[in-house]
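Beneath this line is the structure, given in structure tokens, with notes to follow.
Lettering of chains follows the sequences in order, A, B, ..., and the numbering in each one begins at 1.
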4 protein chains.
Amino acid sequence: MMNRVVLVGRLTKDPELRYTPNGVAVANFTVACNRPFSNQQGNREADFINCVVWRRTAENLANFMKKGSLIGVDGRIQTRSFDNQEGRRIFMTEVLAENIQFLESKGSSQGGSGSSGFQTRQNPPQEQNRPNDYEDNPFENSGEPIDLSDDDLPF
Amino acid sequence: MMNRVVLVGRLTKDPELRYTPNGVAVANFTVACNRPFSNQQGNREADFINCVVWRRTAENLANFMKKGSLIGVDGRIQTRSFDNQEGRRIFMTEVLAENIQFLESKGSSQGGSGSSGFQTRQNPPQEQNRPNDYEDNPFENSGEPIDLSDDDLPF
Amino acid sequence: MMNRVVLVGRLTKDPELRYTPNGVAVANFTVACNRPFSNQQGNREADFINCVVWRRTAENLANFMKKGSLIGVDGRIQTRSFDNQEGRRIFMTEVLAENIQFLESKGSSQGGSGSSGFQTRQNPPQEQNRPNDYEDNPFENSGEPIDLSDDDLPF
Amino acid sequence: MMNRVVLVGRLTKDPELRYTPNGVAVANFTVACNRPFSNQQGNREADFINCVVWRRTAENLANFMKKGSLIGVDGRIQTRSFDNQEGRRIFMTEVLAENIQFLESKGSSQGGSGSSGFQTRQNPPQEQNRPNDYEDNPFENSGEPIDLSDDDLPF
DNA sequence: TTTT
DNA sequence: TTTT
């Protein structure tokens, strides 16, 4: 059953990179999309769309994009529910990013955490030792938007 | 800024048609989209995606589709927040349907409210008296999926 | 770089299933999409969009869908060029279908070749002998739209 | 019937702005989208997708974007046929852009015609004299991607 | 609170 | 809790 989303917008804050207990990288981020029309008061509002991405693309996102960066997202809408601390069922809607396009390098926008170093896995638990080809800067030689495809999402 | 969604799925219940204080029709509905993959347990889960649609398309949806009906949705993701009864800020994500395609007539699926009559505006407040060309059954002559475009959304 | 297409429409003729020299199934088909607006003369025109799909989904399409069948297509636009018999360079634009949703069973629409049997590979050249789980009718138990995902496209 | 396309890519040349006999602006352009995978030879190919856009957005595109500019396109696939000079029927597939997002200012990419001045309508035939709010540079105050919505396409 |  |  068709379920397709495409977004282009800016990160509202630095991506949050975490690892699952078995060492799979996952990043949460929010994309601000300005609406194509104005409201009654003549202002342009924005939508703040929660997204999640897995593995390599998650790490790339955390390493190369930050608050304010312009990105493109291609993915699907996912919903899930969980019980919060007060025992109430909470429903969540977010975009599962299957592919992300970086439309700006980390340097070209201002703001963000300013943490200059790469985020890397500290003690990624039970992570197997495969060579990683992703710890070099894809913007180095190009100054180009890049499209880091996600070859092996965990689902 | 790009923000585009396309869904094909089934209504989880009959659409809920309401009218704003100044007589604009709005319908809320949820589309169930089965995921294209199975989870760890080998089951296929579904996403339940909240949607909203305005005006004519809202009324058409309520009149011709019901719980279980297969529809296509073309629209955008919108987010909004409001304070609930406990004074807590609640964030909502939903799809604003700009165009809906009916992929099944009301008769062809089973289930739903079974209410056979059309839902119409009872006392639509301060609604001006324009001719409505939408109170005949678009499935009558065709047995066809129909695509009811929305010429005049209120935004 | 983002490139995303979603279509819902009807097959203009039975899908054409062929095999590459090394036995990979490929199907060409055209989707008719009625435009959401009328032209100057008040008629609704249609777009006839050439598509291609590979492997399992190609075989499923040929087996379960025919002229007139309603389908959903999720994919990307591809262009290619070739020199025709007169030595002229021809440019082609088509949709590479990555995922197809069958919105009708073969039986439920009329028209088409009427060939009732499945199309299968006659002497698929140098095709390795892997078990195929796709030669049963996905509509048998369900009367349902099905979504046959494409796990292993050749690119 | 659903028909939705989203592209992000670069202009292969300066947009070609023309006017219909009754003064409606129309621009043709081609978007290069690099494929997310490599071919047998390990090279990444690109798709060159022909697009068309009308009116204000056409003029904005011609004025602010040039060869090499990065843009986002939201639209639909259209097909048409015409008879060429040899009396042969030619089929064309192109994307009708309904909305375009400029992801780079004219200055920020190199290449292109280098024509610095705005393209404007020379003697736009029988064009009525409405005020135009689009002849100032949308990048002036912002250095921002802009999203010029198309309020009044001629169909 | 979820559809077939 | 929001980006430019």
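When atom types are taken as modelled, the side chain of B:N34 and the backbone of A:M1 share no donor-acceptor pair closer than 3.5 angstrom. A donor-acceptor contact shorter than 3.5 Å is absent between the side chain of A:R35 and the backbone of A:R44.
Nearest to the side chain of A:M1, among F:dT2, E:dT2, E:dT3, sits E:dT3. With F:dT1, E:dT3, E:dT1 as the choices, the nucleotide that has an atom nearest any side-chain atom of B:R89 turns out to be F:dT1. Listed candidates were E:dT2, F:dT2, F:dT3. Nearest to the side chain of A:N50 is F:dT2. The side chain of A:A46 approaches F:dT3 more closely than any other nucleotide in the set F:dT2, E:dT2, F:dT3.
Atom-to-atom, CD of D:Q101 to C1' of F:dT4 comes out at 11 Å; the value is rounded to the nearest Å. When the P atom of F:dT2 is taken as reference, atom CG of A:N34 falls 14 Å away, rounded to whole Å. When rounded to the nearest whole Å, the span between CG of B:D14 and C1' of E:dT3 equals 12 Å. For the pair A:F82 CZ and E:dT1 P, the computed distance is 14 Å after rounding to whole Å. Distance CZ (A:R10) to P (F:dT3): 12 Å, rounded to an integer number of Å. Per the geometry, CG belonging to B:L11 stands 11 Å off P belonging to E:dT3, to the nearest Å. Rounded to an integer number of Å, the gap from CD of B:E104 to C1' of E:dT4 is 9 Å. Taking atom CG on D:L103 and atom C1' on F:dT3, their separation rounds to 15 Å, with Å as the unit.
Taking OG1 of B:T30 as the start and CG of B:N50 as the end, the distance is 4.0 Å to the nearest 0.5 Å.
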- Message: Go through it in stages, so that I can follow the logic: the residues are B:E98 and B:R4, the test is salt bridge (charged side-chain N to carboxylate O under 4.0 Å, His left out), and I'd like the CA-CA distance, side-chain angles, deciding distance and then a yes or no.
- Response: CA-CA 10 Å; B:E98 291 170 335; B:R4 198 43 54 193; 3.0 Å; yes
